[in-house]
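All remarks here apply to the structure that follows.
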Amino acid sequence: MTLSLTHVHGDRVTVAHGAAGTELFSYVYRPEADWEAPKPYLHPVRTLSGGLVTDYRPNDHRWHKGLQLTASHLSGQNLWGGNTYVHGEGYLALPERVGSMAHVAFEEVGAEGDRAVIAERLTWHPHGGELWAEEERRIEVRDVDPDTGSWTLLWTSAVTNRRGEPLRFGSPTTHGRPAAGYTGLFWRGPRAFRGGRVFTAVSPQLAGAAGAAGAAGSAGAAGAAGAAGSSAADPMGSQAPWLAYVGEHDGRDGHATLVFEHAPSNDHLGEEGTHPAHWFVRSDPFAAVAPSWAFHEELVLPPGETLSRTYRVVVADGAWDRARVAAHLAGLAW
C-alpha cells in the first residue's frame, strides 16, 4: 500500500497510508515554548487502523511530546524541558538551564511506495544559544504490513560535539535520583495506556508495575526523588535488545503494541566498547519508554567526536506477546 507525504513548510511533515489516508504520524519541527526545551517531535503517532499511541503536553509534564530525542542532563543544561533535577533539592525551576534542539534544514523529504524518509540537520544549544552540537537525523517509515497490522519507524541520530570541551550526557539517576535514568529517545504514551503490559526479550511480562518504584518523583514542580530500585522482574534500568509495551485504547475497542529495538550497531551491552544502554520504562503513573544512553553512568563525548544511535519502533494493532514480537523482528532487516 502506498505512503503519501505532506509538508507544511516551517511547521510539520505528515506521513499517511493507503487510500483512506490514515495519518501514521506528524513530524513537528516548529519551535514551541522555551520552557519546554524546543525540539522536533512526532505526534500524533497512530497504528495502521488509526489508533493513537502518543500523548502531547500532558498536564503532568508539558514537555512530554509524542516521540522525541532528548537530553535531560547535558553538561549542566536541560534539553529535556521543564524543571531540572538537583540532588538533595528535587526538581527546581531553573529556566537558565533549559536549552533547545533547532531545525536547520531538510536534506531529504519524500515518500515512494511503502517507504518514506525525513532526513534533517539540527543544532543543539544551551540556554545562552551557543552551538554545542550538530546532529544529522534520519527518520524512515518501512515494513508497512496490513496483514500483521504493523509498520516500522527507523530513527537514526548522529550527534557531533562542537564545543571545545567534552559533552557530558547524564540523567536524574546519574545525578542521584534512583530509577529515573531517562534521556535520549523518549516515548510518552496516551493516558489510556497507563497500567499497560511491559516485557523485553528476557523479562517476564508485567502488567501495571513497570517503573513504579521511581515514578513519584517525576512530576514537574512538586516532584520529589523517587524510591530506590526496581525489583528483579521490573525492566527499569535493565538491558535487552528490545522492549515491548502493550496498551488498551480509550474511545475505541482494542489494543496497540509498540516495540522499541536497538540496532546491532548500538552495541547496547557495551561489549565492543560503546557506552552501554539501559531501559527506562514506566507503566504507572503514565506510559513511557526510553532506551537511555546514560541511565546509570554519564556518557562523555569528546570534542569533535560523534554519538550515533539507531532505533527501530514497531507500531502494531493488537496485543502482541513475546513470541509474536520475536518472530516479527526476526523477519525484518536493518
Side-chain angles (χ1 to χ4, degrees), residues 17 22 24-25 45-55 67 141-155 185-213 215 230-264 266 268-269 277-292 310-334:
H17 170 257
T22 301
L24 300 184
F25 66 81
V45 179
R46 296 186 175 92
T47 67
L48 289 182
S49 73
L52 182 67
V53 297
T54 52
D55 204 354
L67 180 70
V141 179
R142 55 169 70 175
D143 305 312
V144 179
D145 187 352
D147 290 337
T148 61
S150 66
W151 61 277
T152 294
L153 179 85
L154 206 64
W155 182 304
L185 190 67
F186 179 81
W187 167 76
R188 172 68 189 254
R191 290 192 182 277
F193 283 20
R194 178 179 181 177
R197 181 162 52 91
V198 178
F199 55 95
T200 72
V202 298
S203 73
Q205 301 190 34
L206 303 176
S230 304
S231 69
D234 188 342
M236 175 69 88
S238 69
Q239 292 182 294
W242 56 261
L243 180 145
Y245 195 108
V246 180
E248 185 172 9
H249 297 293
D250 276 345
R252 57 180 284 166
D253 293 336
H255 296 74
T257 301
L258 284 90
V259 184
F260 304 85
E261 184 182 19
H262 286 284
N266 288 1
H268 74 278
L269 294 176
H278 299 79
W279 291 104
F280 172 86
V281 55
R282 285 189 179 140
S283 59
D284 185 72
F286 50 78
V289 173
S292 175
T310 296
Y311 306 99
R312 175 157 51 205
V313 182
V314 176
V315 181
D317 283 304
W320 291 18
D321 59 17
R322 180 186 285 106
R324 185 172 182 184
V325 170
H328 186 78
L329 294 179
L332 300 180
W334 284 100

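What you see is a predicted model, and the numbers here were worked out from it, not measured in a lab.
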Which heavy atom of [X] sits nearest a heavy atom of [Y], and at what distance?
X: Gly254; Y: Glu248; result: O-CG, 3.5 Å
X: Val281; Y: Met236; result: O-CE, 3.1 Å
X: Arg194; Y: Pro285; result: CD-O, 3.3 Å
X: Thr47; Y: Trp151; result: CA-NE1, 4.0 Å
X: Val325; Y: Ala244; result: CG2-CB, 4.4 Å
X: Leu48; Y: Gly149; result: CD1-C, 3.9 Å

Taking the side chain as C-beta and beyond, is there a heavy-atom pair between [X] and [Y] under 4.5 Å?
X: Leu52; Y: His249; answer: no
X: His268; Y: Tyr311; answer: no
X: Arg312; Y: Trp242; answer: no
X: Thr310; Y: Trp334; answer: yes
X: Leu67; Y: Trp155; answer: yes
X: Leu153; Y: Val315; answer: no
X: Val289; Y: Leu258; answer: no
X: Val198; Y: Pro235; answer: yes

Strictly distance-based, threshold 3.5 Å: is any side-chain N or O of [X] a donor or acceptor partner for the main-chain N or O of [Y]?
X: Gln239; Y: Ala277; value: yes
X: Thr257; Y: Gly318; value: yes
X: Tyr245; Y: Phe193; value: yes
X: Thr200; Y: Ala240; value: no
X: Thr54; Y: Val45; value: yes

>> If only side-chain N and O atoms count, and only distance matters, is there a donor-acceptor pair under 3.5 Å linking Arg252 with Ser49?
In response: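 Judged by distance alone, the side chains do pair up.
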
> From Asp143 CG over to Leu329 CG, what is the distance, rounded to the nearest 0.5 angstrom?
Replying inline: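 It comes to 10.0 Å.
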
> What about Trp279 and His262, are their ring centers closer than 6.0 Å?
Replying inline: yes

> Hey, mind stepping through Arg142 and Leu154 against side-chain contact (heavy atoms from CB on, under 4.5 Å) and telling me if it holds?
Replying inline: CA-CA 8 Å; Arg142 55 169 70 175; Leu154 206 64; 3.6 Å; yes

